[in-house]
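All chains are named by letter (A, B, ...) in the order of the sequence lines, taking the proteins before the strands, and each is independently numbered beginning at 1.
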Number of protein chains: 2
Amino acid sequence: MAQLPSMHRPNLLDQLSPREREILPLVAQGKDNREIGSILFISEKTAKNYVTSIRKKLGLKNRTQIALFALKEGIISIEETFN
Amino acid sequence: MAQLPSMHRPNLLDQLSPREREILPLVAQGKDNREIGSILFISEKTAKNYVTSIRKKLGLKNRTQIALFALKEGIISIEETFN
DNA sequence: GCCTTCTTTGTCATATCATGTACCAGAAGA
DNA sequence: TCTTCTGGTACATGATATGACAAAGAAGGC
């Protein structure tokens with residue numbers, strides 16, 4: 001049986017702060033830390049900290065897995081990625 | 001109108017060598033170079049080189065974009081990723 | 001068939017840059 | 001007080017740029 005994107009397990013996404021939920025789709029679209037920083041007007045270092053925090057909270061190994069997670073959860077659709 | 005995964009543009013995938021086509025889905029599943037190396041019994045360095053070559057041939061910036069590309073093209077499905 | 005010549009492929013290496021890991025700390029606000 | 005947002009340092013690991021070389025195959029002429 002299929003899993004609807006909106007019905008998560010005990011809700012990993014709720015563990016993310018509002019700002020982290022802003023970062024997540026940008027990572028998932030294939031953007032690097034420098035790009036994320038300039039989009040949100042924060043430093044690359046801060047962007048990096050958010051990505052690390054997201055990754056740890058979601059229990060993932062790298063930012064590619066963050067992207068795949070976001071797609072699985074329906075946070076972004078494949079059409080809204082890079083090009 | 002929707003685009004079928006099997007009808008590519010002038011076929012980017014044909015530019016990839018057989019070995020590169022083996023590497024591509026592994027990248028797309030969120031695996032790092034060390035994992036790819038041990039799966040294919042080659043060194044991490046060699047895996048690294050293949051990923052670079054794939055990325056350049058496909059005109060992408062990083063391995064997250066490789067993953068997103070592979071999903072768009074239907075080379076892998078979201079279900080066959082990491083966990 | 002045999003001998004070049006060119007190209008592709010697969011392999012590994014070194015060097016540099018990006019990302020990840022592990023913290024810390026101040027400001028602002030609920 | 002507690003969380004969130006922000007930026008930072010220091011170091012480890014992963015990713016990217018580039019070079020190199022051997023093996024194998026295609027293509028052609030002799």
A:Gln15 CD to D:dT4 P, in whole Å, measures 11 Å
What's the CD-C1' distance between A:Gln65 and D:dG14, to the nearest Å?
-> 13 Å
Side chain of B:Asn62 - closest among D:dA17, C:dA22, D:dT16 | D:dT16
Side-chain N or O of A:Thr52 closer than 4.0 Å to phosphate OP1/OP2 of C:dG20 | no
According to a strict under-4.0 Å criterion, is A:Tyr50 in side-chain N/O contact with OP1 or OP2 of D:dT6?
-> yes
Within less than 4.0 Å of OP1 or OP2 of C:dT8, is there a side-chain N or O belonging to B:Ser17?
-> no
Can you sort out which residues in residues 19-36 of chain A have a heavy atom within less than 4.0 Å of DNA chain D? Ascending by number, please.
-> A:Arg19
Taking the side chain as every heavy atom from C-beta outward, state whether A:Glu35 and A:Gln29 have any pair of such atoms under 4.5 Å apart.
-> no
Could you give the distance from CG (A:Leu71) to CD1 (B:Ile78), rounded to the nearest 0.5 Å?
-> 5.0 Å
Below 3.5 Å is the cut-off: list the nitrogen or oxygen pairs between protein and nucleotides 28-30 of chain C, distance only.
none

Nearest heavy-atom neighbours spanning B:Arg63 and B:Arg55 | N-CD, 4.5 Å
When rounded to whole Å, the CD to P distance for the pair A:Glu44 and C:dA18 reads 7 Å
Within 6.0 Å of NZ in A:Lys57, more than 12 heavy atoms from elsewhere | yes
CZ of B:Arg63 versus P of D:dA17: gap in Å, rounded?
-> 12 Å
Among D:dA17, C:dT9, C:dT11, the one nearest B:Pro18 by side-chain distance = C:dT9
Of D:dT18, D:dT6, C:dT21, the nucleotide closest to the side chain of B:Lys56 is D:dT18
Correct closest heavy-atom pair for A:Glu44 and A:Asn33 would be CG-CB, 3.8 Å
Indicate the atoms forming the closest heavy-atom contact of A:Gly37 with A:Ala47, along with that distance.
-> N-CB, 4.1 Å
Do you know which of B:Thr64, B:Ile54, B:Leu13, B:Val27 makes side-chain contact (heavy atoms from CB on, under 4.5 Å) with B:Phe69?
-> B:Leu13
How many Å lie between CD1 on A:Ile42 and P on D:dT4, as a whole number?
-> 16 Å
Looking at C:dT21, D:dT16, C:dT11, which one has an atom nearest to any side-chain atom of B:Thr46?
-> C:dT11
Please state how far atom NZ in A:Lys45 lies from atom P in C:dC23, giving the value in whole angstrom units.
-> 18 Å
Give the rounded distance in Å between these two atoms: NZ of B:Lys57 and P of D:dT18.
-> 16 Å
Given DNA chain C, 5'-ward residue of the pair A:Ile66 and B:Leu40, judged by closest heavy atom = B:Leu40
Protein-nucleotide distance (A:Asn49, atom CG; C:dA18, atom P), rounded to Å | 17 Å
Looking only at heavy atoms, the pair that brings A:Leu68 and B:Ala67 closest together is CD2-CB, 4.4 Å
Tightest non-hydrogen contact, residues A:Arg21 and A:Leu16, listed as NH1-O, 2.6 Å
Output for pair (B:Leu40 CG, B:Arg19 CZ), nearest 0.5 Å, gives 5.0 Å
